[in-house]
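Let me begin by presenting the structure, written as structure tokens, before commenting on it.
Numbers restart at 1 for each chain; the letters A, B, ... are given by sequence-line order, proteins then strands.
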Amino acid sequence: MEHESSHFIREIIRADIAAGKHKQVTTRFPPEPNGYLHIGHAKAICVDFGMATEFNGQCHLRFDDTNPAKEDIEYENAIAHDIQWLGFDWQGNLFHASDYFERLYLYAEALIAKGLAFVCDLTDAEIRVGRGTVTEAGNHSPYRDRTVDENLNLFRKMRDGAFDEGHCVLRAKIDMSSVNMKMRDPLLYRIRKVVHHRTGDTWQIYPFYDFAHCLSDSIEGITHSFCSLEFDNNRELYNWILDNLDVPKPQPRQYEFARLKLGYTVMSKRRLLQLVESGRVSGWDDPRMPTLAGLRRRGVRPEAIRAFIERVGVSKADSLVDIALLEHAIRTDLNHEAKRVMAVVHPLRVIVESWHEEKVDTIDADYWPHDVPKEGTRKVSFTRELYIERDDFSLDPPKKFRRLAIGREVRLRYGYWIKCVDVDKDESGNVVAIRCTHDPSTRAGHDPVDGRTVKGTIHWVSAKTAVPARFAVYDRLFSIERPDGSDFVQQLNPDSLTLHHGFVEASVADDDADTRYQFERQGYYWRDSESTPEALKFNRIVPLKDSWARSQSTAPVLPARTKKEVPQQNSARVLDPVHQAATDKLVADLGISLGDAVVLAEDIELQNYFHAVCVRHNDNTRSARWVVNELGRFRDGQPLSNLPFDVVDFAGLLDLLGDDTLNPRLAKQVLEIMAKDGGGAFEIAEANGWKQIKDTGALQGIIQGVIDANTEKAAGVKENPRLIGFFAGQVMKATGGKAPGKVVKEILSAKLLG
RNA sequence: UGACCCCUGGUCGAAUUGGCAAGACGUCGGAUUCUGAUUCCGAAAGUUCUAGGUUCGAGUCCUAGGGGGUCAACCA
């Protein structure tokens, strides 16, 4: 792997290792064995396994089998197979959440014992209603105050099967008025009298995801637990459970990233299942499906999928990846892997009238183009009757058409030049065969001696020796980029699969069944799993790029450049009378800016702090600016009094700014330390040697040094004034941030702009 | 409508943590080519969602607004 650009997850791990938080990185991939893996999962797999590998750790495969009603051993085998196929190895670390059912149960009892969980007899409907809405708090369950003993007793009876399904559940006792719905006394265990595919009928109760997942992570010593964005709200519960139980430290941490979405397909298990069950596709491994099984049957190699995932990157932005990127990754992978042969998918008969009926010319043809460093040839047979692609002949050739037409001449790849002299038509006027003559001096790539040229080279097969074959030509599953809604099946591309009967050159008969080819000028293909030596069937993996077809296409390739026209309301802020009055008073009494005053008027805690600062620092404007712009961000939801420094320290910092001991940049660095460790501004500045440079002569020297070290850039400043920023940055770096910015800029401007 | 997450060329995404707006895909040219492929070269494409503020300097910090997503399953 060459240099790969970093992403936030890699940065998190790097930082944790640098901080000595973990000795070894352990991740996990936790599929629920209730469906097939698709290319979206491939992203998760590449992150989970990829990060572990990159940091010399390990990644566990853990089946999240907490819902026996939906899960199955067959899915487990398919999933394990797909992961291995993709090229990853769990190195013996194959686990099941069900391995931990006993320990999980004990953890649940521990939670009950701490008074943090209770058995609730409400029905599912009552629980739903009691949970409230996103804007209204929920109600306490009437069973919330059962005693620990009562709960323990009930929970044990649940386990023993004393109650019917749905009779009661175990819930955490957290906060029914939390803004996070996940924290409103979430369910931990339910009764399920179903046979589990691994534990059989030993359990009558099963833990929910939120309870099982974090604890399974903890039990396995997972350090970094990656999941997709929609579990963001679950993280608070993940941490709550671990925080309230006696689990080993450090606890695993959950991080979320955006799942992969691809254009012209669907990715949800539900929709994929619907396609399979309705017979719109032939199964989970239909080559049009985004499943790993489908891609594999299509002929895509795991290398291509991994390269694609690497290109896509990892971030938290919900985005839709262009399917052209996948197609590009597949082509790039296959370009050096697929040997070139010739096949005719839409045959048109050619009769070479100048060629003797019985004559067969056997020609060596390279398997690889000049820029693929591989060797090898096969024999192709030139005979009187051939097939070419229907598209390579035109009765009425459009402009720039470089192929065959009546009276025109083309090169047959590895064969001879032929010239069309006539066509045979059927009674309805369709061309059924074309009649040509050949030039004997042009065999196998030779040019004729008379200096004639030809514009096109087309592929062909011998009618005498070629083998009949079926070609399954796949296209995008959906005809629109974002299929959506309940009627998404209406948006299926009717031409996502077309079957054609054609011919392939005889040489392929000797190849292994898993050989991948480039059928020249058409695309990458390989044998379908249904293919037999007697009845060959090839799947098109991906077409070649075809700039001719694009130029002939009537459909616009790009949606005409659309600017996102978002109506913006730029109305000035309207404050209610109370805040308006407070704002006016702040401006009038203290002379601070209107913007700062508005913020302070609306944030009474900040305003009080500001007044306290004003008592100790003599510049009200500076006080307001720093309270508003710099102080707020350190609050992090906590009251200001929780900060490790007080108003006196803060005012002291402003004093250092006021007497030019510090420039704003240094002052921010000081504040950063104050917020982290507390302490006085003066002491911190002193300890670090942070003091603004006041010696202009010394400054001049440093600046000149920076300019001399970047002469070519210095020359470019006049064209690109932003480069001044670069130089200022360099000076700041050279001085450890201690240069006075304003002065630096003045000197730079004088020196560089003349 | 509450909380949380997110917003950088058509698409996906970097930005040394406040200092020259990377790269890839796609598009459009050109060269090479026995594949209208590949390869190579080049170009276009950005008011970094908007407005205001802080700063010598803002994609990055502050305030407000806009847009998108997630959450109210005895699913995961």
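From E602(A), atom CD reaches atom OG1 of T583(A) across 7.0 Å, with rounding to the nearest 0.5 Å. For the atom pair OG (S749(A)) and CZ (F727(A)), the distance works out to 12.0 Å, reported to the nearest 0.5 Å.
For A21(B), there is no paired nucleotide, since no Watson-Crick or G-U wobble pair has both relevant distances below 3.5 Å. Here G57(B) sits opposite no nucleotide as a Watson-Crick or G-U wobble pair (both hydrogen-bonding atom distances under 3.5 Å). Both distances falling under 3.5 Å, in either a Watson-Crick or a G-U wobble arrangement, place C71(B) opposite G2(B). Remark: G46(B) base-pairs with no nucleotide in the shown strands. Criterion, Watson-Crick or G-U wobble with two distances under 3.5 Å. Here A51(B) sits opposite U63(B) as a Watson-Crick or G-U wobble pair (both hydrogen-bonding atom distances under 3.5 Å). Base pairing of U32(B): no nucleotide in any strand meets the Watson-Crick or G-U wobble criterion (both distances under 3.5 Å). When Watson-Crick and G-U wobble pairs are counted only if both distances are under 3.5 Å, A14(B) pairs with no nucleotide at all.
For the C1' atoms, the distance from A45(B) to A21(B) is 14 Å, rounded to whole Å. Atom name P, nucleotides C25(B) and G42(B): the rounded distance is 14 Å, in whole Å. The separation of C41(B) from U32(B), taken at their C1' atoms, amounts to 11 Å, rounded to a whole angstrom. Taking atom P in both A14(B) and C49(B), one finds a spacing of 14 Å when rounded to whole Å. With both ends at atom C1', the span from G23(B) to G65(B) equals 33 Å, rounded to whole Å. With C1' as the reference atom, U55(B) and C61(B) are 10 Å apart, rounded to whole Å. Comparing the C1' positions of C12(B) and G46(B) gives an interatomic distance of 16 Å, to the nearest angstrom. Only the C1' atoms considered, A44(B) is 10 Å distant from G29(B), to the nearest whole Å.
Note on T133(A): every side-chain N or O is 4.0 Å or more away from OP1 and OP2 of G2(B). Considering only side-chain N and O atoms, R235(A) lies nowhere under 4.0 angstrom from the phosphate OP1 or OP2 of C5(B). The phosphate of A76(B) has neither OP1 nor OP2 within less than 4.0 Å of any side-chain N or O from R270(A). OP1 or OP2 of A76(B) has at least one side-chain nitrogen or oxygen of T66(A) nearer than 4.0 Å. Listed pair R259(A) / A76(B) fails the phosphate criterion, with no side-chain N or O lying under 4.0 Å from OP1 or OP2. Listed pair R622(A) / U54(B) fails the phosphate criterion, with no side-chain N or O lying under 4.0 Å from OP1 or OP2.
Looking at heavy-atom distances under 4.0 Å, N234(A) makes contact with a base. Note on V744(A): nothing from the nucleic acid sits closer than 4.0 angstrom, heavy atoms only. As judged by a 4.0 angstrom heavy-atom cut-off over every strand, L748(A) is placed among residues making no nucleic acid contact. F231(A) comes within 4.0 angstrom of a nucleotide base, judged by non-hydrogen atoms across all strands. G595(A) comes within 4.0 angstrom of no nucleic acid atom, judged by non-hydrogen atoms across all strands. Counting non-hydrogen atoms under 4.0 angstrom, D124(A) reaches a base of the nucleic acid. If you check every strand for non-hydrogen atoms under 4.0 Å, V169(A) touches a base. Note on A317(A): only backbone sugar-phosphate atoms sit closer than 4.0 angstrom, heavy atoms only; bases stay farther off. Among the heavy atoms of the strands lying under 4.0 Å from L122(A) is at least one base atom, whether or not backbone atoms are also near. Among the atoms of the strands shown, only primed sugar atoms or phosphate atoms (P, OP1, OP2) are found under 4.0 Å from some heavy atom of L325(A). Among the protein residues, N233(A) comes within range of the nucleic acid bases, having at least one heavy atom under 4.0 Å from a base atom. Within 4.0 Å (heavy atoms only), G632(A) reaches no atom of the nucleic acid at all.
In this structure a side-chain-to-backbone donor-acceptor pair under 3.5 Å is present from E126(A) to T123(A).
Applying the side-chain hydrogen bond (donor to acceptor under 3.5 Å, both in side chains) criterion to Y238(A), with sequence neighbours excluded, gives D217(A). Taking the side-chain hydrogen bond (donor to acceptor under 3.5 Å, both in side chains) definition, one finds that D447(A) meets it with R411(A), sequence neighbours left out. A search for salt bridge (Lys or Arg N to Asp or Glu O under 4.0 Å) contacts involving K261(A) returns D318(A), not counting sequence neighbours. Qualifying salt bridge (Lys or Arg N to Asp or Glu O under 4.0 Å) partners for R190(A), counting only residues two or more places apart in sequence or in other chains: none. Residues passing the salt bridge (Lys or Arg N to Asp or Glu O under 4.0 Å) test with D603(A) are R635(A), sequence neighbours excluded. Among residues two or more places apart in sequence or in another chain, the salt bridge (Lys or Arg N to Asp or Glu O under 4.0 Å) test is passed with R131(A) by none.
For R452(A), the CZ atom counts as densely surrounded, since its 6.0 Å shell holds more than 12 non-hydrogen atoms of other residues, nucleotides or ligands.
Looking at which nucleotide of RNA chain B each of E630(A) and P31(A) is closest to, the 5′-most match is held by E630(A). Taking the nucleotide of RNA chain B with the nearest heavy atom to each of F726(A) and R633(A), the more 5' of the two is matched to F726(A).
With hydrogens and angles ignored, a donor-acceptor pair closer than 3.5 Å exists between the side chain of R665(A) and the base of G19(B).
In this structure, F382(A) has its ring center closer than 6.0 angstrom to the ring center of Y416(A). Between Y189(A) and F155(A), the ring centre distance stays below 6.0 Å.
Applying the 90° criterion around 0 to the glycosidic angle, U60(B) comes out anti.
Identified under the salt bridge (charged side-chain N to carboxylate O under 4.0 Å, His left out) test for residues 735-753 of chain A, with sequence neighbours left out: none.
Heavy-atom distances under 4.0 Å link RNA chain B to V179(A), M181(A), K182(A), L187(A) of residues 176-189 of chain A, given in residue order.
Rounded to an integer number of Å, the gap from I592(A) CD1 to U63(B) P is 15 Å. For K745(A) and G18(B), the NZ to C1' distance is 14 Å, given to the nearest whole Å. Spacing between atom CD of E126(A) and atom C1' of A72(B) amounts to 17 Å, rounded to whole angstrom units.
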Seminar exercise, completed: Its contact letters, B for base, S for sugar-phosphate only and - for none at protein heavy atoms under 4.0 Å, make nucleotides 34-39 of chain B read BBBSBS
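Across U17(B), U70(B), G2(B), the shortest atom-to-atom separation from the side chain of E11(A) is found for U17(B). Here the nucleotide nearest the side chain of D322(A), chosen from G53(B), A76(B), G10(B), is G10(B). When distances are taken from the side chain of K742(A) to each of C74(B), C56(B), C62(B), the shortest belongs to C56(B). The nucleotide whose nearest atom lies closest to any side-chain atom of H7(A) is, among A14(B), U55(B), C62(B), A14(B). You'll find that the side chain of R128(A) is closest to C74(B), out of C74(B), A76(B), U1(B).
R259(A) and E230(A) are joined by a salt bridge, as a carboxylate oxygen and a charged side-chain nitrogen come within less than 4.0 angstrom of each other.
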